[in-house]
Amino acid sequence: MPRFGGPSTMMRLPACEDASGLDACFVGIPLDVGTSNRSGTRFGPRQIRAESSMLRPFNMATGAEPFNMMQVGDVGDVAINTFDLKDSVARIAEFYHQLLVHDVVPLTMGGDHTITYPILQAIAKKHGPVALIHIDAHADVNDEMFGEKIAHGTPFRRAFDDGLLNNPKVYQIGLRGTGYSPDDFDWARKQGWTVVQAEECWGQSLKPLIRKIKDEIGDTPTYITYDIDSLDPAFAPGTGTVEIGGLTTWQALELIRGCAGLNIVGGDLVEVSPPYDPSGNTALIGANLLYEMLCVLPKNKLNPT
């Protein structure tokens, strides 16, 4: 079957009704009701799946063969309520509660960053408070946005409030841009989180950083959340709130590949907004980074990089 044919699932994997018998699964959440600037992330999962047809099963850099080591499928999209964000968040949480009845690691295609909050609700119910590796241009720790407690700029404040995070083991990488006050980034530091601003990443390999993080996390259950706007818009313009001076694609690969050996219990890739990148390259990057997350799940065996 040529790559432009076949089913429109992530990497042309089997479409599954549920996660029964799966070690890992891909999930789509076509949500942009929580965005504060440019909408369009509702189309993210569909285009990530479309661009993922270019991916091959063997990871040439790390030696990972995820489909030889695990049963993996695409369980489709969460049926969100496009007219009600709070109802959508409840629907997402319930979907993942049901998903995690099975011993599966979910990898999610967003959708705006609101989705990480209800996913973490379900993840923490199963695994307890998790270590968090959060790669993003923005801290997403607002207490409110326009008087609302739930939006794409609040998920990690809500996760903190709910006790979903192992606070000494929360890492925010790539933060940058303008803000309203120093507290935009310093609130997280005050909670004991590690904040690595983008300027600290410029012009260098991030392998030493992720090795240090991995040593500190140890065997704690870990969740990875990757906002595509962590990348410089030269690489990924197809997103809602772009910030100059971001990470490179090779730094993104270093960070995710460096997570090999962690007890990863879930991950997501969010904020791909196809209308702002007609080339499809932003979605293609997103598909590749999700594949790299799959390749570092605990059941894989990797060559050192």
With sequence neighbours excluded, what pairs up with Glu200 under the salt bridge (Lys or Arg N to Asp or Glu O under 4.0 Å) test?
none

A quick test of your reading: do over 12 heavy atoms of other residues, nucleotides or ligands sit less than 6.0 Å from CD of Glu17?
no

Checking side-chain polar atoms at under 3.5 Å, does Asp277 have a donor or acceptor matched by the opposite partner on Thr282?
yes

When you measure from the side chain of Tyr96 to the backbone of Gln121, do you find a donor-acceptor pair of N or O atoms at a distance under 3.5 Å?
no

Could you state the interatomic distance from CG (Asp232) to CD (Glu243), rounded to the nearest 0.5 Å?
10.5 Å

Modelled atom types, side-chain donor and acceptor of Thr116 and Asp268, under 3.5 Å
yes

Ignoring hydrogens and geometry, is there a side-chain-to-backbone donor-acceptor pair from Asp229 to Gly240 under 3.5 Å?
no

Can any side-chain N or O of Asn59 pair as donor or acceptor with the backbone N or O of Thr62 at less than 3.5 Å?
yes

Is it true that a side-chain atom of Arg42 and a backbone atom of Asp32 form a donor plus acceptor pair closer than 3.5 Å?
no

Nearest-0.5 Å distance that lies between atom CZ in Phe95 and atom CG in Asp77:
8.0 Å

Should we say atom CE of Met54 is surrounded by more than 12 heavy atoms from elsewhere, each under 6.0 Å from it?
no

Would you indicate whether the side-chain heavy atoms of Leu262 and Ile133 approach each other to under 4.5 Å?
yes

Taking the side chain from Asp74 and the backbone from Met10, do they hold a donor-acceptor pair closer than 3.5 Å?
yes

Does any non-hydrogen side-chain atom of Trp250 lie less than 4.5 Å from one of Phe235?
yes

Test side-chain contact (heavy atoms from CB on, under 4.5 Å) applied to Leu289 and Leu253, step by step
CA-CA 7 Å; Leu289 296 182; Leu253 290 172; 4.1 Å; yes

Using 4.0 Å as the upper bound for N to carboxylate O, is an ion pair formed by Lys169 and Glu216?
no

Is there side-chain contact between Pro106 and Ile123, with at least one heavy-atom pair below 4.5 Å?
yes

Are any of the side-chain heavy atoms of Pro66 and Leu297 separated by less than 4.5 Å?
no

For Lys190, is there an ion pair with Asp183 - N to carboxylate O distance below 4.0 angstrom?
yes

Could you tell me whether a side-chain N or O of Thr222 sits under 3.5 Å from a main-chain N or O of Thr220, the two making a donor and an acceptor?
yes

Polar contact flag, side-chain donor to acceptor under 3.5 angstrom, Asn281-Glu51:
no

OH-OG1 distance between Tyr223 and Thr108, expressed to the nearest 0.5 angstrom:
5.0 Å

For Gln71, what residues pass the side chain to side chain donor-acceptor pair (under 3.5 Å) criterion, not counting sequence neighbours?
none

I'd like to check the salt bridge (Lys or Arg N to Asp or Glu O under 4.0 Å) partners of Arg189; sequence neighbours left out, ordered by chain and number.
Asp186

If hydrophobic clusters are built by linking Ile, Leu, Val, Met, Phe, Trp and Tyr wherever their side-chain heavy atoms come under 4.5 Å apart, do Leu290 and Val78 end up in the same one?
no

If you define the side chain from C-beta out and look only at heavy atoms, does anything of Phe67 sit under 4.5 Å from Val72?
yes

Looking at Arg157 and Asp161, is any side-chain nitrogen of the basic one under 4.0 Å from a carboxylate oxygen of the acidic one?
no

Measure from the side-chain N and O atoms of His152 to the backbone N and O of Ser36, and report whether any donor-acceptor pair falls under 3.5 Å.
yes

What's the separation between atom CD in Glu65 and atom CG in Asn300, rounded to the nearest 0.5 Å?
9.5 Å

How far does SG of Cys201 sit from CG of Leu206, to the nearest 0.5 angstrom?
4.5 Å

Should we say atom CG of Asp103 is surrounded by more than 12 heavy atoms from elsewhere, each under 6.0 Å from it?
no

Checking the side chain of Gln191 only, and the main-chain atoms of Trp187 only, is there a donor and an acceptor separated by less than 3.5 Å?
yes

Check whether Asp140 reaches the backbone of Phe156 with its side chain - one donor and one acceptor, N or O, closer than 3.5 Å.
no

Polar side-chain atom of Glu144 near backbone of Thr154 as donor-acceptor pair, under 3.5 Å:
no

Would you say the side chains of Thr41 and His113 form a donor-acceptor pair under 3.5 Å?
no

What distance separates Ile228 CD1 from Ser273 OG, expressed to the nearest 0.5 Å?
11.5 Å

Decide if atom CZ of Arg38 counts as having more than 12 heavy atoms of other residues, nucleotides or ligands within a radius under 6.0 Å.
yes

Between Arg176 and Asp136, is there a salt bridge with N-O shorter than 4.0 Å?
no

Is there side-chain contact between Pro30 and Arg46, with at least one heavy-atom pair below 4.5 Å?
no

Would you find more than 12 non-hydrogen atoms of other residues, nucleotides or ligands less than 6.0 Å from Lys299 atom NZ?
no

I want to check something: taking the side chain as every heavy atom from C-beta on, are Thr249 and Asn288 in contact at a cut-off of under 4.5 Å?
no

Sub-4.5 Å side-chain heavy-atom contact between Gln197 and Val195:
yes

Should the pair Trp193 and Phe160 be assigned to parallel (<30°), tilted (30 to 60°) or perpendicular (>60°) ring geometry?
perpendicular

